[in-house]
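Numbers restart at 1 for each chain; the letters A, B, ... are given by sequence-line order, proteins then strands.
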Amino acid sequence: MSSKQLNMVQAINSTLDMHMKEDDSIILLGEDIGKDGGVFRVTEGLQAKYGSDRVIDTPLVELGIVGMAIGMALSGLKPVPEIQFQDFIFTAFDQIVNQAAKMRYRSGGEYNVPMVLRTPYGGGIRGGLYHSQSGEAYFAHTAGLTVLSPSNPYDAKGLLTSAMKSKDPIIFLEPKRLYRSIKSDVPDEKYSIPIGKAALVHEGSKMTFVTYGSMVPTVVNTVTKHSIDADVIDLRTIMPYDGETILNSVKKTGKVIIVHEAPRTLGMGAEISAFIGERAVDYLMAPILRVCGPDIPFPYKLEEYYMPNEGRILKAINRVQEFR
Amino acid sequence: MSSKQLNMVQAINSTLDMHMKEDDSIILLGEDIGKDGGVFRVTEGLQAKYGSDRVIDTPLVELGIVGMAIGMALSGLKPVPEIQFQDFIFTAFDQIVNQAAKMRYRSGGEYNVPMVLRTPYGGGIRGGLYHSQSGEAYFAHTAGLTVLSPSNPYDAKGLLTSAMKSKDPIIFLEPKRLYRSIKSDVPDEKYSIPIGKAALVHEGSKMTFVTYGSMVPTVVNTVTKHSIDADVIDLRTIMPYDGETILNSVKKTGKVIIVHEAPRTLGMGAEISAFIGERAVDYLMAPILRVCGPDIPFPYKLEEYYMPNEGRILKAINRVQEFR
Amino acid sequence: MDEKEMFVKAYKAMALSRALDRKIVMAQRQGRVGFYTPTIGQEALQIGLSMALEKEDIVYQYYRDVPFMLHRGVPPETIIDQIMGNSSDIEKGRQMPSHFSSKKHNFMSIQSPVATNLPPATGAAYAIKYRKKNDIVVTTFGDGSTSTPDFHAAMNLAAVFDLPVVFLCENNKWAISLPVEKQTKVEIWKKADAYGMRGLKVDGNDLFTMYETSKKEVERVRKEKKPVLIEAVSYRIGPHSTSDDPNKYRTAEITDGSEKDPITIAEKKMIEHNYLTAEEIEKIKSDAKENIEKIFEEREKLPPPSPDTMFTDIYEKNNWIIDEEKEEIL
Amino acid sequence: MDEKEMFVKAYKAMALSRALDRKIVMAQRQGRVGFYTPTIGQEALQIGLSMALEKEDIVYQYYRDVPFMLHRGVPPETIIDQIMGNSSDIEKGRQMPSHFSSKKHNFMSIQSPVATNLPPATGAAYAIKYRKKNDIVVTTFGDGSTSTPDFHAAMNLAAVFDLPVVFLCENNKWAISLPVEKQTKVEIWKKADAYGMRGLKVDGNDLFTMYETSKKEVERVRKEKKPVLIEAVSYRIGPHSTSDDPNKYRTAEITDGSEKDPITIAEKKMIEHNYLTAEEIEKIKSDAKENIEKIFEEREKLPPPSPDTMFTDIYEKNNWIIDEEKEEIL
Ligand SMILES: Cc1ncc(C[n+]2csc(CCOP(=O)(O)OP(=O)(O)O)c2C)c(N)n1
Ligand SMILES: Cc1ncc(C[n+]2csc(CCOP(=O)(O)OP(=O)(O)O)c2C)c(N)n1
Ligand SMILES: [Mg+2]
Ligand SMILES: [Mg+2]
């Protein structure tokens, strides 16, 4: 089996390419994705290869991009809309929440919306308030949506392949901070990572980390560097999250730290914590801690204070270790 | 002190009237709020009294209603936009999340948006998918917003009065199910209920209910009817929620049930539960339970199955009672 | 089908939908129906356009399009089942009345947020063009809907990408309580100019005019693969919905409705063209009424959907969260 | 101020903003600045309009309006402080470069989501009208921004409520990589028709024309309390931003920039009108360059904001959640 060392941009690009080659119902649409190849170069070369009918440079209207994609999906195509930055998705929020997410239900199952909405999210590029947001909770709170986020190039390919097979709308969140910062060995052939299954990316017995997306390397590096005897769970699928894997680990370790970039209040950490508080309260040997972005807009100059880092994770480790 | 028996529609109407009389910077705007008096009659009579310059019938554009209100607020007026149903707010979501909520921060404090956005929310009128949503979590997850929801006419007046004094954007969620179903004694004069303070609407020692809005009467009635020895906390302010009152009660009772209509996953119950799991885990004598709307769109015909009711609350009570 | 047959069919659909409308409004007053948005006054413009369409054409309709649906072959039973939200409802009783769906007839599923059906309509048209098919897409909406973000997005996309879409604005002069003059300062058909799209106005109360215009426009859209905005001028004779009280905001501009009523106008012309006699017309009307009565009584007896239907169709397959919630609730 | 003084002031602002633009672009290449959206080519249209405004008029500007701000009296220090995000930045280093704010000069705070400044501009105009004041509101945006929902909402509201708003579309022909011909099928000024608003096109590269037109239009808006859409035609000479590589999507339509460069055009006219000599022009340019160099070196030395500034201004007063998070983080 041949494979290549790819970064996440390359992995997503080649995965899109692979699927488009096989299936002419796949249509990419978004701002600057064609000639320009996307502001992060994720779609580079695809318009040249598949034509401007299949890789569409759209006018500046997120609502239209998503709305149009919904109609394509309802008519048998497989649209892959891109929102240039997740921060700009809110002008299309009604189409996502009230149309795409509710179409199958409201039509009694007559209609469904197989669309893969891709968008870069999170901090790490000094983008300030409007090029750094992590809005996964808005989507995960919306019944009818499936929310994925890879933490490495290998998973990006596998998750995107699952997304392409889905018959329902997928919100595919790409942690832009990891676009080029890590490489992994990505097999040339097709493979998929099942939706709804987390990965145990580090094994241990004393505590459980639950994280995803951009924070996975941060957590794993911290745990490795300080030889922490911990499970690290990479959710991969944010919604529906893998309750079983979380529960198995928590029952083993009794201690939980949840790490994400999104604001703490009503971020995914809230749901994971509540999930544990509902079914494993008698296994808990420490408070369930959340290490998250604070509940403030994302600042430009001081962004390193915003995103969870080694120091803050260590503080949380110390706090749960003190408990017994 | 004179007072009147009012329902919530009357209480809000008379509170708006009271403030408008005193302060000519208050401007109401929205669809059908003027001549028609609002589809729920909340603004009835106000256009006749204050003119169509102060009670504005707008074109059909939520994004414009909110956006225009933001500009009014920035120019020294006190706008009170109405969104006819909270379900329709998503077309204005970017203006709320990216503009109103972030204005003070992004301008370094130069600008702020004192606006009170009113909107009816929740089920109970057989409104189906698009006239029944409870979207409070979307707003509570957004730094910069303050989210209020009264559970009775008295609180409606007191909270609205606090909202009118706020220098920041308020999302004022009116549980439409309670608009006319309950009355309370509402004093004629002005009074305010502080933002961020919950009410203990039923006192007990064996378990703690945390709830708000439309579910308050349901929980209180269940607890009273079955003589449950429970604290019932009515949040009143959803964001920032009153952590202290919750914590005091939980430390006393050791058992918690959170009740709301909004979908369970990442609903306010998740945050409250996580909050408790973080700071009172050693007081807990039972799992933290959530009795919520399910993670599905809101159905029309079967709506009574969607909203938490006595039966489901009793089941939760039994579950926590079994634990010791 | 010759012209005569075609118009007779159209007239029958008008009569049927008027009978259905009357019945539902009455049933709502009697507490037998939860809610409804009357379609009275908008029959001619919908059916006139419908006459010009092919079966394969796709319609992204809105909540006031019962006449359109009936004419295009959706059985009254389907309409009533949706209104009742009963166990036979295609949508499984999930949506409020007036939010229909019928894939079989290429009608899409109706949402409440107004005009949000327009951007998806452009996507459907894109798919048609991409697949080199000959179908067109029709999307309908009211005058108030022209103020929405979705209208703007869809109009521009359809124009920029040369998509085969008929935008039918059913200008009934009101958006709940707001008269169209306060909605916008220009005539609606002129808005097409802002997008480089063809736009025109037509008397939506006259079935014959509406059909002639639609036929020409539909042909053009089909051939040239370019969109058009048709403003069909009409009047909302009834209230906005059964929850609405128009006395709050408008005086009775139409005294008895007979003057502008599209059915009255159609009847005159049907007789003029010798398509129908006055007796035949009376018969069609009374048949329609009887038919609707019968169907309504019948469908009213159907039970509501069983509670477990509430927990399907959120996704292709339920996730564990929904399964768990279902178990807790049922 | 007489005409000459006025134009000299305008020309000086053009020269200053060009010098600043060059400096920041260079500094970005050297890694001394994080990001920037060059304004080269759009000086005349912004300053021409600015010349026609009063101090009290309110501007809802967008990210490419540095010349506008400089002309209206915002010191280059303020601009550079924002770009550096230093401890003197009004916005406390919170926003990306190019997202300015200056209440003192009646400039609002700039957001990234394009055109979302437009609906608030209508609200500001409403406040003016409600308070019976004589000010007007200007809001600026690019050609790409005309496709957004916010453009549509704001245009219709301004028209319907007769609000004193100048909508200035800075048509630089590109929205990142999309040429304006693919953004929309019509000329932008014609979009005003869809709202019953006055619309016009003007050569945005000519300071003198731009001023004449603006003066007339601003007067009309102020007097009649009715909005106008001005399409100022120009060209984005530089890249979209310092992160953008235009070679990916456009060939060099402007060979050396000298032909359409608004500064070159202004200089010719300044000399023709005997407002400035060639020597004076050179002096203004070299002074501007020197001035900017000096200021930049100076401001670059300022420290970043202290970390605790990150935790203020979310609300008038922090709630307990933010206080707690602050403590955990700092
Ligand atoms: C986005 C949105 N805002 C508000 C409403 C509430 N509402 C329902 S219908 C309607 C008026 C629509 O008027 P128009 O488009 O003219 O259609 P008509 O009902 O007259 O046929 C309004 C305001 C809605 N459904 N969606
Ligand atoms: C809602 C939104 N979508 C996308 C972007 C990304 N973006 C930034 S500027 C820009 C192009 C804007 O073009 P135009 O309006 O013509 O202004 P110009 O930059 O040419 O001055 C885009 C797509 C954004 N900022 N906001
Ligand atoms: Mg109408
Ligand atoms: Mg441009």
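The side-chain heavy atoms of C:Val66 and C:Val74, taken from C-beta on, include no pair separated by under 4.5 Å. Looking at heavy atoms from C-beta onward, B:Val256 lies out of side-chain contact with B:Phe209 at the 4.5 angstrom threshold. You'll find the side chain of B:Val210 stays beyond 4.5 Å of the side chain of B:Ile257, heavy atoms only.
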Every donor-acceptor pair from chain B to chain C under 3.5 Å, please, each on its own line.
from: B:Asp32; atom 1: OD1; to: C:Ser177; atom 2: N; distance (Å): 2.9
from: B:Asp32; atom 1: OD1; to: C:Ser177; atom 2: OG; distance (Å): 2.6
from: B:Glu44; atom 1: OE2; to: C:Lys248; atom 2: NZ; distance (Å): 2.6
from: B:Leu60; atom 1: N; to: C:Gln183; atom 2: OE1; distance (Å): 2.8
from: B:Arg264; atom 1: NE; to: C:Glu325; atom 2: OE2; distance (Å): 3.4
from: B:Arg264; atom 1: NH1; to: C:Glu324; atom 2: OE1; distance (Å): 3.0
from: B:Arg264; atom 1: NH2; to: C:Glu324; atom 2: OE1; distance (Å): 3.0
from: B:Asp295; atom 1: N; to: C:Glu325; atom 2: OE1; distance (Å): 2.6
from: B:Tyr300; atom 1: N; to: C:Arg94; atom 2: O; distance (Å): 2.9
from: B:Lys301; atom 1: N; to: C:Gly93; atom 2: O; distance (Å): 2.9
from: B:Lys301; atom 1: NZ; to: C:Met84; atom 2: O; distance (Å): 3.0
from: B:Arg312; atom 1: NE; to: C:Glu328; atom 2: OE2; distance (Å): 3.0
from: B:Arg312; atom 1: NH2; to: C:Glu328; atom 2: OE1; distance (Å): 3.0
from: B:Arg312; atom 1: NH2; to: C:Glu328; atom 2: OE2; distance (Å): 3.4
from: B:Lys315; atom 1: NZ; to: C:Glu328; atom 2: O; distance (Å): 2.3

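Expressed to the nearest 0.5 Å, how far CD1 of B:Ile96 lies from CD1 of B:Ile70 amounts to 7.5 Å. Here the OH-CD1 distance, from B:Tyr138 to B:Ile171, works out to 14.5 Å after rounding to the nearest 0.5 Å.
At least one donor-acceptor pair closer than 3.5 Å links the side chain of B:Lys255 to the backbone N or O of B:Phe323.
Both the backbone and the side chain of B:Leu129 come within less than 4.5 Å of a heavy atom of chain C. Both the backbone and the side chain of C:Ile176 come within contact range of chain B, each with at least one heavy atom under 4.5 Å from a heavy atom of that chain. Of the two parts of C:Leu178, the backbone and the side chain both hold a non-hydrogen atom closer than 4.5 Å to a non-hydrogen atom of chain B.
For C:Phe68, the ring pair (Phe, Tyr, Trp, His ring centres under 6.0 Å) partners at least two apart in sequence or on another chain are C:Phe107.
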